[in-house]
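All remarks here apply to the structure that follows.
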Amino acid sequence: MSDLDKTNSGSTPTNFIRNIINKDLESGKRTSVATRFPPEPNGFLHIGHAKSICINFGIAADYQGTCNLRFDDTNPAKEESAYAVAIAKDVQWLGFNWNGEIRHSADYFEKLYSFAEELISKGVAYVCELSMEQMREYRGTLTEVGKNSPFRERCIEDNLGLFKRMRAGEFEDGTIALRAKIDMGSPNINMRDPVIYRIKKAHHIRTGDAWCIYPTYDFTHGISDAIEGITHSLCTLEFEDHRPLYNWFLDNITIDCHPQQIEFSRLNLEHTITSKRKLNQLVVEGIVDGWDDPRMPTISGMRRRGYSPAAIRDFIGRTGVTKKVHTVEMTLLENSVREDLGDKAPRAMVVLKPLKVTITNYPEEKVEEIAAARHPQNESMGTRKIYFSKTLFIDQEDFRESANKKYKRLVQGKAVRLRNAYVITCEDFVKDEQGNIVELLCRYDENTLGKNPEGYKAKGVIHWVSGSHSKLATVRLYDRLFNIANPAAEDNFIDAVNPDCLQIIDNARVELSLVESKPEDVFQFEREGYFCADRYEHERGKLVFNRTVTLRDSWAKIEAKG
RNA sequence: AGCCCUGUAGUGUAGUUGGCAACACACGAGACUUUGACUCUCGUAUCGCUGGUUCGAACCCAGUCGGGGCUUCCA
């Protein structure tokens, strides 16, 4: 949790929810704060959930309150245990600890059933035998009021008996339901006698076959909040119209706690999709390699990409909390990632597209060991050994036969600094039959290790590795999954998938120190970007790195302008 | 169309008793640099629109226009 404090303390900006809580605490309406994160275990958590997690756990932590993790498992047809396991792990990985044991709405099924009986006894709930189609007709539309069900005035005793028979399994799915008796003429459709219990003869991941009737979300959620003593029930905007119903249930049952539901807007991210259905489609159609593919906006995908929990939390903090629909730029996320990794990631040199360089005036068998800083601004991170020899590799992008003055890399006849080593001058180059440059012939200046050359200047600094002291590695260059800002608005979002979202390089040359790296270790490959050793596939004998994010690249902008 | 919510730089937020519109990211210009990185400096808004109240309005009032959500026995 110390990691958490570092990024959040003091810098948490205020928002309308905190303002409400502050007032509640000042007025004495509340004396403590209790929140909850209530996912349905029907899919994997994504960046949108991260917002809800950060808000709920973050507020609880800042007010010395508690935050429960509760699985909202009221629909056995859609829920799976595997999702529940993955969700809990993701929450922990993000750096949060829930209060006590994991809760489940299913744990309250017996209480919920009693509360339903209470509503029936008070004459504000009834068993309705309208079919689903009929119920839809009776409900009316957005502009027309609904009409009362013919079963609405059934007597309390009959309702009680029928409800018991529902529980006993005497009716088939969809034939009968328990409804709240509210107002079929309400302009808020949620108040038009909503269903509170339906028949579902399905196996539940937690209660097994104990029940064949299941409470609906609206009935379950608020009561579960109240049972847990939640003070502020924070949810997304689409539940706004459900708030009157949330309150109605709590006002009509006997319970001594009435949490306040507060809605905030969902997180939308440019170039990203956060619909569970659409993310599933990407997986099913094999467009990505699974829910944890580094291109996915899932928590597990971002983890595999190399985004740290601190970076994700920082990003969420920067997006703020309001009720207005918004779409955040991808650069904001990338900035949080770079800022975090800039401090934490040790530097290393990796050549993605190797171009052989022969130092013509360097002795054949000589090898020099150089101690290179792991971090230019943080000496405490120490040094690693790199090796200089007659045969080196630089990146193909770092050499041109000729170039204008803006090009600060190696050009024939010009000098350049090899990062952490000597200044070299390119004298000649070799082309193959196809005209590709395959080798550079350069001289090195032996008086330039740790000092500037005398009488001339090196134009720039490029990275390199030694031919004899480097290893081959697989490097995956990830780019945004969608080129367009709002793929969700497309008729077919699959068509908007960026064809270049993954480039696999299997002959990258990495400096020797990287052989020691472990899965999930992060690095800055100098002048290229931040990378992490793959969580699953990276091993000592088979190095696999994923690009987390590139470095900011002002040269790309200059070059694009021409 | 009924009900509910929402409009402040390119983007996201702050602006809580009316008093020079703040911050971050992005973008542009420059400095520094053994990473074209980092860091630093400077620049960028007639607060959706119209009218009213006021010495003074992002903020108060009226109207208007735009964006979003709601018609699952989903959550």
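In the text below, chain A, chain B and the rest are named by the order of the sequence lines, each starting its count at 1. Computed over heavy atoms, backbone and side chain alike; hydrogens, waters and symmetry mates excluded.
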> Is the shortest side-chain N/O distance from Thr141(A) to OP1 or OP2 of rA1(B) below 4.0 Å?
Replying inline: no

**Prompt:** Under 4.0 Å between a side-chain N or O of Lys557(A) and OP1 or OP2 of rC27(B)?
**Reply:** yes

request  = Using only side-chain N and O atoms of Arg198(A), determine if any of them is under 4.0 Å from OP1 or OP2 of rC74(B).
outcome  = yes

(request) Would you please say whether a donor-acceptor pair under 3.5 Å links the side chains of Ser470(A) and Arg509(A)? (result) yes

Check the phosphate of rU13(B) against Thr322(A), side-chain N and O only, distance under 4.0 Å to OP1 or OP2. Yes or no? yes

Pairing partner of rA21(B), by Watson-Crick or G-U wobble and under 3.5 Å for both distances, is none

Tell me yes or no: between the side chains of Tyr246(A) and Asp225(A), is some donor less than 3.5 Å from an acceptor?
yes

Counting only side-chain N and O atoms of Arg527(A), is one of them less than 4.0 Å from OP1 or OP2 of rG36(B)?
yes

To the nearest angstrom, the CE-P distance between Met191(A) and rG2(B) comes to 21 Å

**Prompt:** Using a cut-off of less than 4.0 Å, is there contact between a side-chain N or O of Thr143(A) and OP1 or OP2 of rU71(B)?
**Reply:** no

| Can Asn19(A) and Thr14(A) be counted as having a side-chain donor-acceptor contact under 3.5 angstrom? | yes

Exercise for review: Anything under 30° is parallel, anything over 60° is perpendicular, the rest tilted; go ahead and classify Phe71(A) against His104(A).
Suggested key: tilted

Rounded to whole Å, the NZ-P distance (Lys324(A) to rA14(B)) equals 7 Å

rG7(B) -> Watson-Crick or G-U wobble partner, both distances under 3.5 Å, gives rC65(B)

Any strand, both distances under 3.5 Å, Watson-Crick or G-U wobble: rG2(B) pairs with rC70(B)

Mate of rU16(B) across any strand shown (Watson-Crick or G-U wobble, both atom pairs under 3.5 Å) is none

Self-check item: Side chains of Gln524(A) and Glu526(A), donor plus acceptor under 3.5 Å
Solution: no

Discussion item. For a quick test of reading the model: is some side-chain N or O of Lys276(A) closer than 4.0 Å to OP1 or OP2 of rA75(B)?
Written reply: no

Phosphate OP1/OP2 of rU34(B): any Lys451(A) side-chain N/O under 4.0 Å
no

Hey, does the side chain of Arg552(A) come within less than 4.0 Å of rA26(B)'s phosphate (OP1/OP2), counting only N and O? yes

If pairing means Watson-Crick or G-U wobble with both distances under 3.5 Å, then the partner of rC40(B) is rG30(B)

Between CG of Asp193(A) and C1' of rU72(B) the distance, given in whole Å, is 16 Å

State whether the aromatic ring of Trp555(A) stacks on the base of rG36(B), taking stacking to mean ring centres under 5.5 Å apart and ring planes under 30° to each other. yes

Within less than 4.0 Å of OP1 or OP2 of rA75(B), is there a side-chain N or O belonging to His221(A)? no

If pairing means Watson-Crick or G-U wobble with both distances under 3.5 Å, then the partner of rC60(B) is rG52(B)

Discussion item. Tell me whether the side-chain N/O atoms of Arg139(A) come closer than 4.0 Å to OP1 or OP2 in rU72(B).
Written reply: yes

